[in-house]
Amino acid sequence: MNPKLREKTLESLSAVLPITGIVIIISIFIVPMELGSLVMFVVGAIMLILGMGFFQLGAEMAMTPIGDGIGVQISKTRKIGLVVLIGFIMGVIITISEPDLQVLAEQVPSVPNQVLILTVAVGVGIFLALAIVRIRFQIDLSRMLILLYVLLIGASFLVPREFLAVAFDSGGVTTGPMTVPFIMAMGVGLASLRTDKNSASDSFGLVALSSVGPVLAVLILGCFFRPTEAVYSPAGVADVATTRDVARVFGGGLPGYAKEVMISLLPIVAVFFVFQVLTHRYHKRQIKRIAVGLVYTYAGLILFLCGVNVGFAPVGSFLGNELASLPFNWIVVPIGMLIGYYIVKAEPAIQVLNHQVENVTGGAVSVKAMNRCMSVGVAVSVGLAMLRVLTGTPIQWIIIPGYIIALILSLFVPRMFVGIAFDSGGVASGPMTSTFLLPLSIGTCQALGGNLMTDAFGVVALVALTPLIAIQIMGLVYQVKMNGMRRKALQNAALAEDSDVIVDLEEGTFHGK
């Protein structure tokens with residue numbers, strides 16, 4: 001096996017194993033499952049592990065170089081109108097390619113699928129162009145986010161209550177495995193030619209702004225449509241008796257996902273082809289590497305989506321329904337938090353973000369620290385989502401105060417952490433959220449007889465919210481540490497009477513003789 005592929009697969013194994021163990025333990029002690037259903041879940045987990053390994057390697061070999069190259073080329077273009085146009089087109093193409101958006105569109109009543117998809121795509125396109133302009137003109141991210149979220153919160157009071165959770169969910173599903181590697185690499189490429197001290201911190205924030213666009217666009221769409229109740233048919237756990245039945249069920253799902261992923265990847269392949277023809281940026285060896293990377297990405301996403309949708313999603317819905325039917329149904333809250341803590345590590349785009357953060361910060365923010373913060377944030381998110389399903393609490397009561405706290409924190413933390421935090425929120429709400437946590441929430445809501453549109457939907461939005469606060473708190477801790485290092489460096493400089501020591505608190509670096 002390719003050593004790099006083995007490394008990525010082992011990372012995937014360590015991410016997926018805990019959530020698999022939790023479900024098995026629940027099935028033994030709390031909610032008994034048929035052996036066939038458990039086998040389906042375990043096979044889905046194996047496919048998920050292999051798929052994540054292939055996908056992460058493919059993203060590193062193909063998606064990242066393409067996004068970085070386009071970002072560098074855009075930063076060289078002096079015509080701002082052309083820059084905005086390219087950003088808009090790329091945002092639309094990448095969003096239409098996102099598999100998670102197709103899943104959400106099929107679950108929203110009263111709005112045609114293509115109308116919702118195109119609305120979200122236009123929203124991402126506009127705000128990706130805005131994010132590129134922000135990097136180009138070095139506009140402060142926190143102030144821009146405050147302005148946009150004030151506008152977003154204001155718009156949330158103008159749409160039907162049934163549409164609100166779906167609107168906020170749409171912001172989460174657009175930043176999935178297809179968009180995140182590409183957009184993040186694009187941000188690094190855009191900032192790479194700058195030499196100022198804020199260039200590293202400004203490389204983050206594209207995902208954050210791209211997540212605002214679809215929410216605002218769908219809120220506007222909500223003024224023209226009146227959804228009432230979600231038409232949702234939960235996928236039941238397949239009835240299997242033999243290993244041949246298991247192979248038949250998964251084998252039957254593979255062609256459909258192969259077609260879906262092919263449709264998703266074709267626009268990106270076309271963009272790469274046109275970009276290479278116009279710029280001749282990549283030499284033959286790089287083109288070959290990118291082509292192999294795209295094949296890895298294709299194979300990885302097929303395995304991942306098939307494993308998650310066929311093996312994981314039905315079990316999520318089953319667990320939610322059974323847990324909510326227990327006399328002590330409050331147990332769904334701590335169990336949801338436990339699942340949320342570990343499930344975020346299995347999001348394929350999370351590892352792409354974490355490694356990029358570690359690289360850009362020179363190891364100051366490690367993958368381990370990011371994983372811990374993201375896990376805590378998502379655990380709180382899922383706990384709140386389950387509590388909301390049990391009590392029927394309106395999503396505004398959580399979303400609005402949460403964003404206000406996140407925006408206030410953005411005024412005090414180092415600039416880099418603002419971009420990382422708001423990017424992490426969008427990245428956390430990927431396919432594992434939409435295909436396991438959302439069915440878990442819907443299954444719970446159905447067992448309780450609640451309204452799916454107002455109570456079950458919104459889990460994606462909450463998963464996208466709490467990492468904003470968790471990562472920024474980590475930024476405050478980081479700032480305190482830097483202040484301590486600064487004081488120590490100044491004391492040492494005073495003792496040594498070395499006036500040439502320079503301490504840069506914002507970047508956390510020290511320069512001297």
Side-chain angles (χ1 to χ4, degrees), residues 63 66-71 73-75 77 79-102 104-105 111-137 139 141 144-145 147-149 151-152 155 166-187 189-190 204-222 224 263-272 274-275 278 349 419 422-423 425-427 429 464:
M63 304 293 282
I66 295 173
D68 183 71
I70 292 176
Q73 206 64 35
I74 289 176
S75 63
T77 305
K79 297 179 180 178
I80 190 64
L82 181 61
V83 170
V84 170
L85 179 62
I86 292 172
F88 174 77
I89 292 172
M90 292 308 305
V92 171
I93 290 174
I94 296 298
T95 304
I96 291 175
S97 302
E98 186 56 61
D100 289 357
L101 182 57
Q102 311 285 339
L104 182 70
V111 181
N113 288 6
Q114 291 305 315
V115 172
L116 183 63
I117 290 169
L118 288 175
T119 301
V120 169
V122 169
V124 173
I126 292 172
F127 277 76
L128 181 59
L130 183 64
I132 293 171
V133 171
R134 183 195 75 80
I135 293 177
R136 188 71 173 266
F137 293 102
I139 301 171
L141 178 62
M144 180 175 283
L145 286 171
L147 177 64
L148 291 173
Y149 275 102
L151 180 64
L152 191 151
V166 173
F168 280 100
D169 279 354
S170 68
V173 299
T174 51
T175 47
M178 293 299 293
T179 54
V180 169
F182 188 91
I183 291 179
M184 288 209 65
M186 197 172 171
L190 282 163
F204 298 100
L206 266 76
V207 174
L209 290 172
S210 298
S211 298
V212 177
V215 180
L216 197 55
V218 175
L219 284 174
I220 294 171
L221 186 68
F224 302 96
I263 293 171
S264 298
L265 273 178
L266 279 177
I268 296 172
V269 174
V271 166
F272 169 65
V274 172
F275 178 70
L278 294 176
F422 279 85
D423 279 356
V427 176
S429 50

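The chain is numbered in sequence order, starting from 1.
- For I93 against P267, the heavy-atom pair with the smallest separation is CG2-CB, 3.3 Å.
- Residue G123 comes nearest to A217 through the heavy atom pair CA-CB, 4.1 Å, listed as atom of the first residue, atom of the second, then distance.
- Although no hydrogens or angles enter the test, the distance criterion places a donor-acceptor pair under 3.5 Å between the side chain of D423 and the main chain of A208.
- Contacts of F272 classified as ring pair (Phe, Tyr, Trp, His ring centres under 6.0 Å), with partners at least two apart in sequence or in another chain: Y282.
- Residues satisfying the side chain to side chain contact (heavy atoms under 4.5 Å, CB included) criterion with A121, sequence neighbours excluded, are V92, T95, I96.
- Within the 4.5 Å cutoff, the side chain of I268 has heavy atoms near those of the M63 side chain.
- Residues L152 and V212 have side chains in contact (heavy-atom distance under 4.5 Å, counting atoms from C-beta outward).
- Within the 4.5 Å cutoff, side-chain heavy atoms of V218 are placed close to those of V120.
- Looking at heavy atoms from C-beta onward, M90 lies out of side-chain contact with I183 at the 4.5 angstrom threshold.
- Taking CG of L216 as the reference point, atom OG1 of T119 lies at 12.0 Å (rounded to 0.5 Å).
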Would I86 and I132 count as a side chain to side chain contact (heavy atoms under 4.5 Å, CB included) here? Give the steps. CA-CA 10 Å; I86 292 172; I132 293 171; over 6 Å; no
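- Side-chain contact between F127 and F88 is absent, with no heavy atoms from C-beta onward closer than 4.5 Å.
- Atom CD1 in I74 sits 15.0 Å away from atom NZ in K79 (nearest 0.5 Å).
- With rounding to the nearest 0.5 angstrom, the CD1 atom of I139 is 4.0 Å from the CE atom of M144.
- For the atom pair CD of Q73 and CG of D68, the computed distance is 11.0 Å after rounding to the nearest 0.5 Å.
- Using a 4.5 Å heavy-atom threshold, the side chains of L209 and L145 count as touching.
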Walk me through whether V124 and I94 qualify under side chain to side chain contact (heavy atoms under 4.5 Å, CB included). CA-CA 9 Å; V124 173; I94 296 298; over 6 Å; no
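- Between V84 and V133, the closest side-chain pair of non-hydrogen atoms falls below 4.5 Å.
- Counting heavy atoms from C-beta on, the side chains of L141 and R134 come closer than 4.5 Å.
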